[in-house]
Amino acid sequence: MSALPTPRRLENIQTDRGSLPVYATGTVEQPWDSYTATDHDVWRRLYARQREILPGRACDAFLRAQETMRMSPDRIPKFSDLNAVLGEATGWQIVGVEGLLPELDFFTHLANRRFPVSWWIRRPEQIDYIEEPDLFHDLFGHVPLLMDPRFADYLQAYGQGGVKAHAIGPDALMQLARLYWYTVEFGLIRQPDGLRIYGAGILSSKGESIHCLESAAPNRIGFDLERVMRTRYRIDTYQKTYFVIDSFEQLMDATRPDFTPIYARLAGQDTIPAGGVLPSDRVFQRGSGEGWARDGDV
């Protein structure tokens, strides 16, 4: 029997009008035997770098979960090995994909406790930055917290909410995207020993792991659901604002109600600039704004 073909590596297309996403369809088997020595070395370098800087910066729940999962430090982990641990802990499973998924497909996976992970890893010249999520971002940044029952339940609830939002319309989807961005991707949490990181976009980035906690430039503001859903964000630079939760229980409490009346309330309200600070905000730090771009908020 002939071997299955290696899945495609779907990356954004660069045009004179900017970057255009290319969407994947369906799931794929992880082609583990096709990874090169270079692929494994990229994983090794990124893994070692993040493991060195995250103690004292990442939240306790992430560090505990990562220890429990025991991802291999010197080679790309096998999804099947991690799924055995993950399934026993919280019932979640990793599914391989070729790249970004359409919104409804993504929400449906989350709603059924499946987390899509791009099978391919960035190239050596992309070590410090890659525009789209790759295997390292997905696997190292996102998957460990799925071992935590509180966060695992939040992400499933988010997926269920996304399926409903898809039926409501584009404004609801955008508001929900902002919630994902400022929690799952770029969220901070307040622990007794200080602010810590739980967002995967930060946990998988050396530069932003330091910037989000130690730079004077960004705002650090207490989490408020509707405030977050109105706030634009950055996709091309470090964030201008980070929202701080008090606990994962706070996230579950925020997402438990039906969002339909929330979407109705937000329909008549203006969006908030990524770097904006409101009089009603609970401000941990008002950012200096140093280095901020004047435009480009999404």
Side-chain angles (χ1 to χ4, degrees), residues 50 53-66 92 106 110 115 133 137-159 161-162 174-215 217-235 237-256 259 272 274-277 281-285 287 297-298:
Q50 290 308 106
I53 67 172
L54 287 180
R57 293 187 175 99
C59 69
D60 292 344
F62 176 85
L63 296 173
R64 283 196 304 268
Q66 199 175 57
W92 275 78
F106 181 66
L110 298 188
F115 194 85
H137 167 83
D138 289 340
L139 203 57
F140 183 96
H142 280 291
V143 169
L145 271 179
L146 294 174
M147 295 283 289
D148 185 289
R150 302 163 300 173
F151 192 80
D153 288 347
Y154 168 68
L155 206 55
Q156 181 181 24
Y158 179 88
M174 186 70 255
Q175 290 152 5
L176 205 62
R178 294 180 186 128
L179 176 62
Y180 189 90
W181 189 265
Y182 280 121
T183 59
V184 178
E185 291 289 0
F186 291 95
L188 300 180
I189 187 170
R190 184 164 63 96
Q191 295 187 168
D193 53 354
L195 301 187
R196 297 291 185 267
I197 304 160
Y198 73 92
I202 311 175
L203 292 165
S204 57
S205 165
K206 176 185 178 182
E208 197 142 9
S209 295
I210 298 169
H211 174 86
C212 72
L213 295 175
E214 299 170 31
S215 172
N219 303 312
R220 301 180 185 97
I221 295 173
F223 175 86
D224 175 88
L225 177 65
E226 294 188 25
R227 178 4 173 151
V228 168
M229 292 172 74
R230 293 173 58 200
T231 306
R232 302 197 295 272
Y233 56 84
R234 307 293 306 189
I235 62 172
T237 66
Y238 295 151
Q239 299 307 300
K240 295 180 177 180
T241 296
Y242 299 94
F243 288 97
V244 181
I245 61 171
D246 295 319
S247 65
F248 291 133
E249 286 81 6
Q250 181 186 19
L251 282 182
M252 277 304 300
D253 290 343
T255 53
R256 191 170 288 115
F259 275 25
I272 302 167
V277 178
D281 286 337
R282 180 164 57 110
V283 179
F284 291 89
Q285 173 182 289
D297 291 358
V298 174

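These numbers were taken from a predicted model, which means no experiment stands behind them.
Within 6.0 Å of atom CD1 in Ile210, more than 12 heavy atoms from other residues, nucleotides or ligands are found, so the atom counts as buried in its surroundings.
A donor-acceptor pair under 3.5 Å is absent between the side-chain atoms of Tyr242 and the main chain of Leu213, judged by distance alone. Judged purely by atom type and a 3.5 angstrom limit, Arg196 uses its side chain to pair as donor or acceptor with the backbone of Gly56. Using modelled atom types, no side-chain atom of Glu185 and backbone atom of Tyr180 make a donor-acceptor pair closer than 3.5 Å. Of the possible polar contacts, one joining the Arg220 side chain to the Cys212 backbone as a donor-acceptor pair under 3.5 Å is found. A donor-acceptor pair is defined here as one N or O able to donate and one able to accept, closer than 3.5 Å; no such pair exists between the side chain of Gln239 and the backbone of Tyr233.
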*asked:* Using side chain to side chain contact (heavy atoms under 4.5 Å, CB included), reason through Leu145 and Val184 one step at a time and then give a plain yes or no.
replied: CA-CA 10 Å; Leu145 271 179; Val184 178; over 6 Å; no
*Test Leu176 against Phe259 for side chain to side chain contact (heavy atoms under 4.5 Å, CB included), laying out the working first.*
CA-CA 9 Å; Leu176 205 62; Phe259 275 25; 3.7 Å; yes
*Quick one: do Lys240 and Arg234 satisfy side chain to side chain contact (heavy atoms under 4.5 Å, CB included)? Show the steps, please.*
CA-CA 7 Å; Lys240 295 180 177 180; Arg234 307 293 306 189; 4.0 Å; yes
*Met147 vs Arg64, side chain to side chain contact (heavy atoms under 4.5 Å, CB included): CA-CA, chis, key distance, verdict*: CA-CA 9 Å; Met147 295 283 289; Arg64 283 196 304 268; over 6 Å; no
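Partners of Gln175 under the side-chain hydrogen bond (donor to acceptor under 3.5 Å, both in side chains) rule, at least two apart in sequence or in another chain, do not exist in this structure. Remark: Asp60 engages no residue in a salt bridge (Lys or Arg N to Asp or Glu O under 4.0 Å) (not counting sequence neighbours). Scanning for ring-ring contact (aromatic ring centres under 6.0 Å, His included) contacts around Phe248 gives Phe151, Tyr198, with sequence neighbours left out. The side-chain hydrogen bond (donor to acceptor under 3.5 Å, both in side chains) check on Ser204 picks up His137, with sequence neighbours excluded. Partners of Arg227 by side-chain hydrogen bond (donor to acceptor under 3.5 Å, both in side chains), not counting sequence neighbours, listed by chain and number: Thr231, Asp281. In this structure, Gln250 has no side-chain hydrogen bond (donor to acceptor under 3.5 Å, both in side chains) partners at least two apart in sequence or on a different chain.
Rounded to the nearest 0.5 Å, atoms CD (Glu208) and OG1 (Thr237) are 8.0 Å apart. Expressed to the nearest 0.5 Å, how far CG of Leu155 lies from CE of Met252 amounts to 10.5 Å. With rounding to the nearest 0.5 angstrom, the CZ atom of Arg230 is 9.5 Å from the CZ atom of Arg178. Note that CD of Glu226 is 10.5 Å distant from CD1 of Ile272, once rounded to the nearest 0.5 Å. Rounding to the nearest 0.5 Å places OG1 of Thr255 at 10.5 Å from OH of Tyr158.
Asn219 places none of its side-chain heavy atoms less than 4.5 Å from the side chain of Val283. Looking at Leu195 and Arg190, their side chains come closer than 4.5 Å, going by heavy atoms from C-beta outward. In this structure the side chain of Leu203 never reaches within 4.5 angstrom of the side chain of Gln50, judged on heavy atoms.
Between Ala61 and Asp148, the shortest heavy-atom contact is CB-OD2, 3.7 Å. Between Pro144 and Ala65, the closest heavy-atom pair is O-CB, 3.0 Å. Shown here for Ala254 and Phe223, the closest heavy-atom pair between the two residues is CB-CE2, 3.9 Å. Minimum interatomic distance between Ser209 and Leu54 (heavy atoms only, all atoms of both residues): OG-CD2, 3.8 Å.
Using cut-offs of 30° and 60° for the angle between ring planes, the Phe243 and Tyr182 rings count as perpendicular. Note: Trp92 and Phe115 have tilted aromatic rings, judged against thresholds of 30 and 60 degrees for the angle between ring planes.
Under the side chain to side chain contact (heavy atoms under 4.5 Å, CB included) test applied with Ile189, the options Ile245, Asp246, Thr183, Leu251 reduce to a single match, Ile245.
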